[in-house]
There are 2 protein chains.
Amino acid sequence: MVRINRKLEYALMVLKYMSAKAPSELTTAKEVADFIKGPFDTIAKVMQQMVHSELLRSEQGVQGGYFLATNLNKLNLFKLNEVVSGPMELVKCFDEDHHCELSSHCNIQSPLVTLNRKLIDFFQELSISELLRIKSPLSAKSQSVKKEVAG
Amino acid sequence: MVRINRKLEYALMVLKYMSAKAPSELTTAKEVADFIKGPFDTIAKVMQQMVHSELLRSEQGVQGGYFLATNLNKLNLFKLNEVVSGPMELVKCFDEDHHCELSSHCNIQSPLVTLNRKLIDFFQELSISELLRIKSPLSAKSQSVKKEVAG
DNA sequence: GTTAAATACGACATATTTTGTCGTATTTTC
DNA sequence: GAAAATACGACAAAATATGTCGTATTTAAC
């Protein structure tokens, strides 16, 4: 089954939620968890991962929270998935460590490499702002917007 | 992590293996299992599922086996995945029975519907013969081939 | 007609991955 | 100092994927 995981869903929900606010306004993990009625801990961790990758920035302590630190026009689904779920590998045979035990007799390795490449391209071409239909006030302010997103 | 599963891999390996033979020649599950050094039972079941969906046909008894019963030019990856792994649903919220518990407060449902549609289109456009680079003697014989597969 | 080789298929067992929880530390405001 | 927040590793639980077993059935060969 080809399925995106919860972490990526949470990340998308977070970005959607935060993008509705003014860029300077902070958002807490609790706030998002309450809003989507999801598990606080997991959502908090996803947001922390996004801080590591500089998609968000955080302020600690009382009154702390997170704010957007990236242009959602330039962020794509491949990157976001990588941030929260690690490298996108269509099949096991691609990862370095524990490579697939069938690989020595596999008759479809090259097709799978091709397929993996195509799938990565597919996800890379999907911008988050387009996907989530975000007007993106931050990006409009901080960076030149190359093309208007239609629809 | 977006990853195709073993069953789909086995199905592709089976088709690749079988397509190298003359259309009339039978292939046993054991033969494929030996060739790719994979688990016989699982591979046999995948082949049986392919019989159900009429991608293969089978002959029972000693000297029995499977043979191709479909045009691999017309078979696409979406269909093949569906046959061996059930419906392709990007996210849980789409399936009828146990729908996602977050759906009532989800703020990204419509984007996910769109994404799911795009992903399905992506897989539907990938023909098996193209993916596996199969010359497809069966289809060349039994059906008119619309366009030659380049590369 | 018995045996052997094969498909057919449900039930179960195991392994892997995903998802969520807990505990604890740290930062900052009040 | 207390409270509200991020930070983060370790573990637990749940879900899913994968593989195995047992048994039935079909058919060819002997």
Side-chain angles (χ1 to χ4, degrees), chain A residues 1-11 13-14 25-34 36-53 56-67 69 81 84-89 91-92 95 97-98 100-102, chain B residues 1-11 13-14 18 25-34 36-53 56-67 69 81 84-89 91-92 95 97-102:
Chain A
M1 211 172 332
V2 178
R3 181 167 276 194
I4 70 174
N5 63 23
R6 271 283 198 242
K7 285 199 207 170
L8 181 53
E9 282 183 47
Y10 291 145
M13 291 174 182
V14 163
E25 223 180 323
L26 293 182
T27 301
T28 68
K30 180 167 189 308
E31 192 182 334
V32 177
D34 286 349
I36 67 178
K37 308 280 193 258
F40 168 79
D41 289 291
T42 304
I43 292 166
K45 267 193 198 152
V46 167
M47 295 176 90
Q48 284 157 26
Q49 286 179 287
M50 292 166 87
V51 169
H52 287 154
S53 314
L56 305 181
R57 275 208 285 274
S58 69
E59 286 181 8
Q60 290 196 327
V62 179
Q63 309 283 11
Y66 301 87
F67 61 97
N81 179 70
V84 298
S85 312
M88 176 179 294
E89 281 153 343
V91 288
K92 232 195 275 187
D95 49 20
D97 329 311
H98 52 305
C100 171
E101 64 274 20
L102 297 178
Chain B
M1 213 172 333
V2 178
R3 182 165 276 192
I4 70 175
N5 63 24
R6 271 282 198 245
K7 285 200 208 170
L8 181 54
E9 282 182 47
Y10 291 145
M13 291 174 182
V14 163
M18 292 178 76
E25 222 180 323
L26 292 183
T27 300
T28 68
K30 180 168 189 310
E31 191 182 335
V32 177
D34 286 348
I36 66 178
K37 309 282 192 253
F40 167 79
D41 289 291
T42 305
I43 292 166
K45 267 193 200 153
V46 166
M47 293 176 90
Q48 282 157 28
Q49 286 179 287
M50 291 166 86
V51 170
H52 287 155
S53 314
L56 304 181
R57 276 208 286 274
S58 68
E59 286 180 8
Q60 291 196 327
V62 177
Q63 308 283 10
Y66 301 88
F67 60 98
N81 178 71
V84 297
S85 314
M88 175 178 297
E89 280 153 344
V91 288
K92 230 196 273 185
D95 48 21
D97 329 309
H98 52 306
H99 66 278
C100 171
E101 64 275 19
L102 297 178

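In the text below, chain A, chain B and the rest are named by the order of the sequence lines, each starting its count at 1. Values reported hereafter were calculated over all heavy atoms of this structure, with side chains retained and with hydrogens, waters and symmetry mates removed.
- Between B:Tyr10 and the phosphate of D:dA17, there is no side-chain N or O to OP1/OP2 separation shorter than 4.0 Å.
- For B:Thr28 and C:dA5, the shortest distance from a side-chain N or O to OP1 or OP2 is not below 4.0 Å.
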Margin query: With side-chain contact (heavy atoms from CB on, under 4.5 Å) as the criterion, how do B:Arg6 and A:Leu102 come out once you've worked through the C-alpha distance, each side chain's angles and the decisive distance to 0.1 Å?
Written below: CA-CA 11 Å; B:Arg6 271 282 198 245; A:Leu102 297 178; 3.9 Å; yes

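- Between the NZ atom of B:Lys30 and the P atom of C:dA8 there is a distance of 18 Å, given to the nearest Å.
- Atoms NZ (A:Lys7) and C1' (C:dT18) sit 8 Å apart, rounded to a whole Å.
- For B:Lys37, the salt bridge (Lys or Arg N to Asp or Glu O under 4.0 Å) test picks out no residue, with sequence neighbours left out.
- Protein atom CE of B:Met50 is 13 Å distant from nucleotide atom P of C:dA8, rounded to whole Å.
- Within the helix from C:dG1-D:dC30 to C:dC30-D:dG1, the inter-axis angle between the opening and closing five-pair segments is 10°, rounded to 10°.
- Between D:dA7 and A:Ser58, a contact under 4.0 Å exists linking OP1 or OP2 to a side-chain N or O.
- Considering only side-chain atoms of B:His52, the nucleotide from C:dC9, D:dA7, C:dT7 that sits closest is C:dC9.
- The CZ-P distance, from A:Arg3 to D:dA17, rounds to 8 Å in whole Å.
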Next item on the list: Starting from the C-alpha separation in whole Å, work towards a yes-or-no answer on side-chain contact (heavy atoms from CB on, under 4.5 Å) for B:Met47 and B:Met18.
Entry: CA-CA 11 Å; B:Met47 293 176 90; B:Met18 292 178 76; 4.2 Å; yes

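- Listed nucleotides: C:dG20, D:dA7, C:dA8. Nearest to the side chain of A:Pro39: C:dG20.
- The side-chain contact (heavy atoms from CB on, under 4.5 Å) test applied to B:Gln60 returns no partner, not counting sequence neighbours.
- For B:Gln48 and C:dA11, the CD to P distance is 15 Å, given to the nearest whole Å.
- Here the nucleotide nearest the side chain of A:Asn5, chosen from C:dT18, C:dA8, C:dA6, is C:dT18.
- Across A:Leu26 and A:Glu59, no two heavy atoms sit closer than the pair CD1-OE1, 3.6 Å.
- Under the side-chain contact (heavy atoms from CB on, under 4.5 Å) criterion, A:Glu25 pairs with A:Lys21, A:Ala22, sequence neighbours left out.
- One can place CD of B:Glu89 at 14 Å from C1' of D:dT16, the figure rounded to the nearest angstrom.
- When the P atom of C:dT18 is taken as reference, atom CD1 of A:Ile4 falls 13 Å away, rounded to whole Å.
- Contacts of B:Asp41 classified as salt bridge (Lys or Arg N to Asp or Glu O under 4.0 Å), with partners at least two apart in sequence or in another chain: none.
- Checking A:Thr27, A:Thr28, A:Asp34 one by one against A:Lys30, the side chain to side chain donor-acceptor pair (under 3.5 Å) holds for a single residue, A:Asp34.
- The side chain of A:Arg6 has C:dG20 as its nearest neighbour among C:dG20, D:dT16, D:dA7.
- For the side-chain contact (heavy atoms from CB on, under 4.5 Å) test, residues two or more places apart in sequence or in another chain that qualify with A:Lys7 are A:Asn5, A:Val46, A:Gln49, A:Val84, A:Ser85.
- Residue contacts for B:Ala44: at a heavy-atom cut-off of 4.0 Å it reaches no nucleic acid atom on any strand shown.
- By the side-chain contact (heavy atoms from CB on, under 4.5 Å) test, A:Val51 pairs with A:Leu56, A:Ser58, A:Tyr66, sequence neighbours left out.
- The interatomic distance linking B:Ile43 (CD1) with C:dC9 (C1') rounds to 17 Å, in whole Å.
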Next item on the list: Go along nucleotides 21-27 of chain D 5' to 3' and tag each nucleotide: B for a protein heavy atom under 4.0 Å from its base, S when only backbone or sugar atoms are that close, - otherwise.
Entry: B----BB

